[in-house]
Amino acid sequence: MSDTASFVAQHVAGIPRSGIRDFFDIVQNTPGVISLGVGEPDFATPWHIREAAIYALERGRTQYTSNLGLLRLREAISAYVARTFDVSYDPKNQIIVTVGVSEALDLALRAVLNPGDEVIYHEPCYVSYSPSVVLAHGKPVAVACRAEDGFAVTAAALEAAVTPRSKVLMLNFPTNPTGGTMTRSQLEEIAAVVRKHNLLVLTDEIYSELTFEGEHVSIASLPGMAERTIFLHGFSKAYAMTGFRIGYACGPAPLIDAMMKVHQYSMLCASIIAQEAAIEALERGDSATAEMREQYRLRRNFIVKALNDMGLKCHLPRGSFYAFPSIAHLGLSAREFALGLLQHEKVACVPGGAFGASGEKFVRCCFATAFTQIEEAMDRMDRHLKRLRQG
Ligand SMILES: Cc1ncc(COP(=O)(O)O)c(C=O)c1O
């Protein structure tokens with residue numbers, strides 16, 4: 001009998017399964033759990049956006065689109081990005097519509113990496129960054145960020161990670177899982193290092209609309225950066241459209257063209273129904289986003305205070321819908337803590353190690369959950385901590 005597993009490519013076999021999904025397999029088999037787990041808005045997509053998708057079906061809009069996506073959507077993206085992020089992209093050749101930011105990220109990495117090229121990213125980070133680099137035959141290089149710095153990446157730490165093989169810097173602000181953000185002057189320092197070492201930036205700004213205070217600055221808008229940046233964005237978080245699977249990338253025409261080649265032969269195009277809904281989101285979705293942001297802001301204020309009050313030190317996330325408290329003082333691994341909490345109090349949060357080694361002493365609590373559920377979860381967590389203290 002043949003060993004079927006031996007057919008699996010080595011670089012794929014070496015990638016671990018997502019720490020989040022593993023954990024939530026356990027959660028799904030435990031009734032009565034309050035989940036602060038998977039990072040997904042608890043709101044349904046605003047009705048007028050759903051209606052646009054229904055209307056697209058009614059009109060028989062069921063075909064392939066241009067590989068780059070509907071021109072009308074690319075025009076709407078161009079206008080939105082210009083007014084929101086202060087960067088101009090030509091809808092004809094500098095924007096590609098993708099199947100979520102997930103595909104945009106994969107296309108960008110596959111389009112630019114030669115085997116062994118190094119990709120620097122800040123950690124803790126979104127679970128798919130390191131595996132996506134490996135799948136594109138690159139080498140992931142993590143730069144650890146600290147709670148004391150608000151989980152911002154420093155120019156000194158970046159500089160220390162650069163080698164002659166460095167090609168790409170991946171940024172994600174506001175950050176999943178920490179909610180960290182970067183100020184304009186901090187980004188300017190990073191941009192200086194990027195220019196000095198001739199790096200390309202991939203900036204994933206999927207949480208930018210969920211910035212609660214301070215301006216959100218895109219590194220693409222800084223002088224001399226648009227020509228060396230691929231800007232990735234999407235609809236999943238801002239418009240609660242995760243299931244539509246729709247996102248986009250903007251960048252210099254030769255890079256978008258290279259990404260288009262990979263997309264053309266792998267995905268062909270994003271769903272036309274999702275593209276029609278995305279047009280509606282960009283043209284008329286701003287007030288729905290503002291309402292959801294306000295709800296997230298109120299929940300954030302509550303959860304961060306509750307965590308700190310019960311003795312879990314938690315910095316104030318300025319964006320995203322994640323709180324990232326430290327459990328370092330408890331003498332347990334994050335996984336042990338999360339499993340104990342699940343077992344005794346039926347509250348699920350994600351052990352920080354899922355987001356890289358520098359997340360080991362933290363847990364991620366997603367507050368894209370109803371306020372009453374968050375309140376109950378905090379009561380249960382407080383009770384669990386008291387139990388731990390009593391030994
Ligand atoms: C930082 C980050 N980037 C990308 C994604 C994937 O987004 P999409 O649904 O657009 O593929 C997520 C999803 O959680 C995320 O947190």
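Heavy atoms only: backbone and side chains are in, while hydrogens, waters and symmetry mates are out. Both counts, for ligands and for their atoms, begin at 1 and track the order of listing. As the structure is a prediction and not an experimental result, all values here were calculated from the model.
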key: Atoms in ligand 1 flagged as close to Asn172, the criterion being non-hydrogen separation under 4.0 Å   = 1 (C)

inquiry  = Using a 6.0 Å cut-off, check whether atom OH of Tyr55 has over 12 heavy atoms from anything other than its own residue.
reply    = no

key: Sidechain N-carboxylate O distance under 4.0 Å for Asp42, Arg299   = yes

task = Applying ring-ring contact (aromatic ring centres under 6.0 Å, His included), run through Phe355 and Phe362 and close with a yes or a no.
result = CA-CA 10 Å; Phe355 310 100; Phe362 298 83; over 10 Å; no

inquiry  = Testing Phe244, Tyr248, Tyr80 one by one against Phe235 for a ring-ring contact (aromatic ring centres under 6.0 Å, His included), which residue passes?
reply    = Tyr248

ask   = Among all protein non-hydrogen atoms, which one is nearest to atom 12 (C) of ligand 1, and what is the separation to 0.1 Å?
value = Tyr126 CZ, 3.4 Å

message = Distance under 4.0 Å to a non-hydrogen atom of Lys237: what atoms of ligand 1 satisfy this?
response = 13 (C), 14 (O)

key: Closest protein heavy atom to atom 7 (O) of ligand 1, given as residue, atom name and distance to 0.1 Å   = Ile206 CD1, 3.2 Å

ask   = Under 30°, 30 to 60°, or over 60°: which ring-plane class applies to Tyr121 and Tyr129, parallel, tilted or perpendicular?
value = perpendicular

query = Can you list the atoms of ligand 1 that are under 4.0 Å from a heavy atom of Arg245?
reply = 8 (P), 9 (O), 11 (O)

task = Could you say whether the N/O atoms of Gly100 and ligand 1 ever approach to under 3.5 Å?
result = no

query = At a 4.0 Å cut-off, with the gap strictly under it, does some heavy atom of Tyr207 reach an atom of ligand 1?
reply = yes

query = Please state which protein non-hydrogen atom is closest to atom 3 (N) of ligand 1 and give its distance, to 0.1 Å?
reply = Asp204 OD2, 2.6 Å

message = To check your reading of the model: name the closest protein heavy atom to atom 11 (O) of ligand 1, its residue, and the distance in Å.
response = Ser102 OG, 2.5 Å

task = In plain terms, say whether Glu209 and Arg293 are close enough for a salt bridge, that is, a side-chain N and a carboxylate O under 4.0 Å apart.
result = no

inquiry  = If you apply the rule salt bridge (charged side-chain N to carboxylate O under 4.0 Å, His left out), what do you find for Lys346 with Glu376, and how did you get there?
reply    = CA-CA 11 Å; Lys346 297 193 174 177; Glu376 172 64 23; over 6 Å; no

task = Indicate yes or no: does an N/O atom of Ser236 lie under 3.5 Å from an N/O atom of ligand 1?
result = yes

task = Measure up the Phe212 and Phe367 rings against each other and bin them: parallel (under 30°), tilted (30 to 60°), perpendicular (over 60°).
result = tilted

key: Closest protein heavy atom to atom 10 (O) of ligand 1, given as residue, atom name and distance to 0.1 Å   = Val101 N, 2.7 Å

